[in-house]
Undergrad: 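I'd like to ask you about the structure that follows.
Positions are given from 1 along the sequence. Indexing begins at 1, ligand by ligand and atom by atom, following the structure's order.
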Amino acid sequence: MRDLIIMARPTRFHIHLDRLIHNFKVAQRLHGGRVLAVIKANAYGHGDVACAEALNSIADGFAVATLEEAIHLRDAGIPGHILLLEGVFEKAEMREAVTHNLTPVIHTPWQIGVLQHTDFATPMPVWLKLDTGMHRLGFQPEELRETYEMLRRIAHVGEITIMTHFANADGADPEAIAEPMRQFHKATQGLAVSTSLCNSGAILGHPAAYGDWARPGLMLYGIDPGVPAIRPRQALQPVMRLTSEISVIRMLAVGDAVGYGGLFKAQRPTRVGIIPCGYADGYPRSAAQGTPVAVAGTLVPLIGRISMDMITVDLTEVPQIQPGAPVELWGDQVAVSTVAQSAGTVAYEVLCHARRAEIQYHAVVRSS
Ligand SMILES: *Cc1c(COP(=O)(O)O)cnc(C)c1O
């Protein structure tokens, strides 16, 4: 056997599961009732199984987007309630949902037909989706009652929960959800059902929308979905930190350019730090020059283009920084929302793209 010398690339995603638990409890305390942890898209890039295991004893269940995600959790031994947020996409998936004891969202007449023609040993709970203005999925308010009755008549359909999802819950303006709320109340009036309306934005900003079940996603990971300029409305703790080190430092003379396309041109003698982290790790390529990067606790500006495996920062103002200095790309010192905004996107997308760099889990707490 050949000896393998491993030069450890210092780039890491740190996932703080204790903070995930803290944030979940914030959602639970604010909303009350039952809380499903939304862990679709690999728990927004944090690792679905690790997050599910950390929350298992305190969450009332989990929500995912696809059957594959749900089965991945079941195979890892996650018991309990798992909601399929988009229901099933084909007939065979409904049988799989039954086999794995999953709860589908029902949002089309086709899915009701599939339900009618699937065999069940025990009643299956379903969530019925009402469209209150997002206009992606769900039945229209005037269709709801009839649809509900149709589901009621299917012998093997168990408890029915009625849900909706807001298009504009991220701000704090109560007007933004006034019309959807009016439609929800009108459509569900008099029905003896449990309800679920709130994602993170609604949990943080719209107590008037609280129902029986909450569905927090982003806030569990420590991020307020409001624009970065708004101070987090609750003490949320960032769960993911992306860290690295300064690997190389070099001097640019006036007029020298750095990186692809020579996007940055030195106007003064410039001390450039190279960080071995790039868009293949999930750092957004579209992040603008000037995006803050924390180097040994000081914020310095990103310069030049983001490469696949590297980024460059201006260290001219911090001459004491040497190779090996610790770097935080996002987490505690730089909010992921700041990086996202600088890249013209949202924290959701940046988190979902976290990949390649090694993941280190911290404090896998078994809470009760
Ligand atoms: C993703 C999703 C959520 C969670 O949304 P956040 O904004 O991340 O809290 C809740 N409900 C539905 C239907 C979703 O698709």
Side-chain angles (χ1 to χ4, degrees), residues 20 23-28 30-31 33-46 48 51-52 55 59-67 69-70 81-89 102-108 111 126-139 161-172 176-177 180 184 194-207 209-228 230 232-234 236 238-240 336-337 340 345-354:
L20 179 73
N23 297 330
F24 181 89
K25 287 178 174 169
V26 170
Q28 204 169 38
L30 283 170
H31 185 280
R34 288 178 285 181
V35 182
L36 287 184
V38 179
I39 56 171
K40 62 192 177 192
N42 196 26
Y44 296 40
H46 293 66
D48 56 352
C51 290
L55 293 175
D60 298 290
F62 298 99
V64 294
T66 71
L67 181 70
E69 291 174 334
H81 195 70
I82 299 182
L83 181 69
L84 295 173
L85 286 167
E86 293 168 45
V88 301
F89 295 85
L102 309 174
T103 302
V105 166
I106 302 293
H107 58 81
T108 64
Q111 289 172 327
V126 301
W127 285 34
L128 175 57
K129 188 160 191 175
L130 173 66
D131 177 11
T132 54
M134 174 82 94
H135 294 153
R136 292 187 317 195
L137 304 182
F139 291 92
T161 300
I162 297 185
M163 70 174 293
T164 196
H165 192 43
F166 298 119
N168 294 297
D170 290 353
I177 61 153
F184 190 87
S194 295
T195 59
S196 176
L197 301 90
C198 295
N199 67 347
S200 298
I203 293 167
L204 291 166
H206 301 287
Y210 292 173
D212 297 304
W213 290 86
R215 307 185 310 271
L218 193 69
M219 70 178 291
L220 299 181
Y221 310 103
I223 294 117
D224 189 317
V227 290
I230 296 180
R233 286 163 284 188
Q234 286 289 325
L236 300 172
V239 174
M240 181 192 288
V336 68
S337 302
T345 182
V346 288
Y348 292 88
E349 186 184 10
V350 174
L351 292 174
C352 285
H353 288 170

Undergrad: Who passes side chain to side chain donor-acceptor pair (under 3.5 Å) against T66, sequence neighbours left out?
TA: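 Partners of T66 by the side chain to side chain donor-acceptor pair (under 3.5 Å) criterion come out as none, since no residue qualifies.
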Undergrad: Residues in side chain to side chain donor-acceptor pair (under 3.5 Å) with D131, at least two apart?
TA: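 In terms of side chain to side chain donor-acceptor pair (under 3.5 Å), with neighbours along the sequence ignored, D131 is linked to Q140.
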Undergrad: For the pair H81 and R34, evaluate side chain to side chain donor-acceptor pair (under 3.5 Å) and give the outcome as yes or no after the intermediate values.
TA: CA-CA 11 Å; H81 195 70; R34 288 178 285 181; over 6 Å; no
Undergrad: Determine whether a donor-acceptor pair (N or O, by modelled atom type, separation under 3.5 Å) exists between the side chain of H46 and the backbone of V239.
TA: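 It does not hold such a pair.
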Undergrad: Name the one of Y210, W213, F184 that satisfies side-chain contact (heavy atoms from CB on, under 4.5 Å) with T195?
TA: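 Considering Y210, W213, F184, a side-chain contact (heavy atoms from CB on, under 4.5 Å) with T195 is found only for F184.
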Undergrad: So, using ring pair (Phe, Tyr, Trp, His ring centres under 6.0 Å) as the criterion, who are the partners of H206 when residues are at least two apart?
TA: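 For H206 there are no ring pair (Phe, Tyr, Trp, His ring centres under 6.0 Å) partners, ignoring immediate neighbours.
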Undergrad: Write down, by chain and number, every protein residue that brings a non-hydrogen atom to less than 4.0 Å from an atom of ligand 1.
TA: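 These residues qualify: V38, K40, Y44, L85, M163, H165, N199, S200, R215, P216, G217, L218, Y348.
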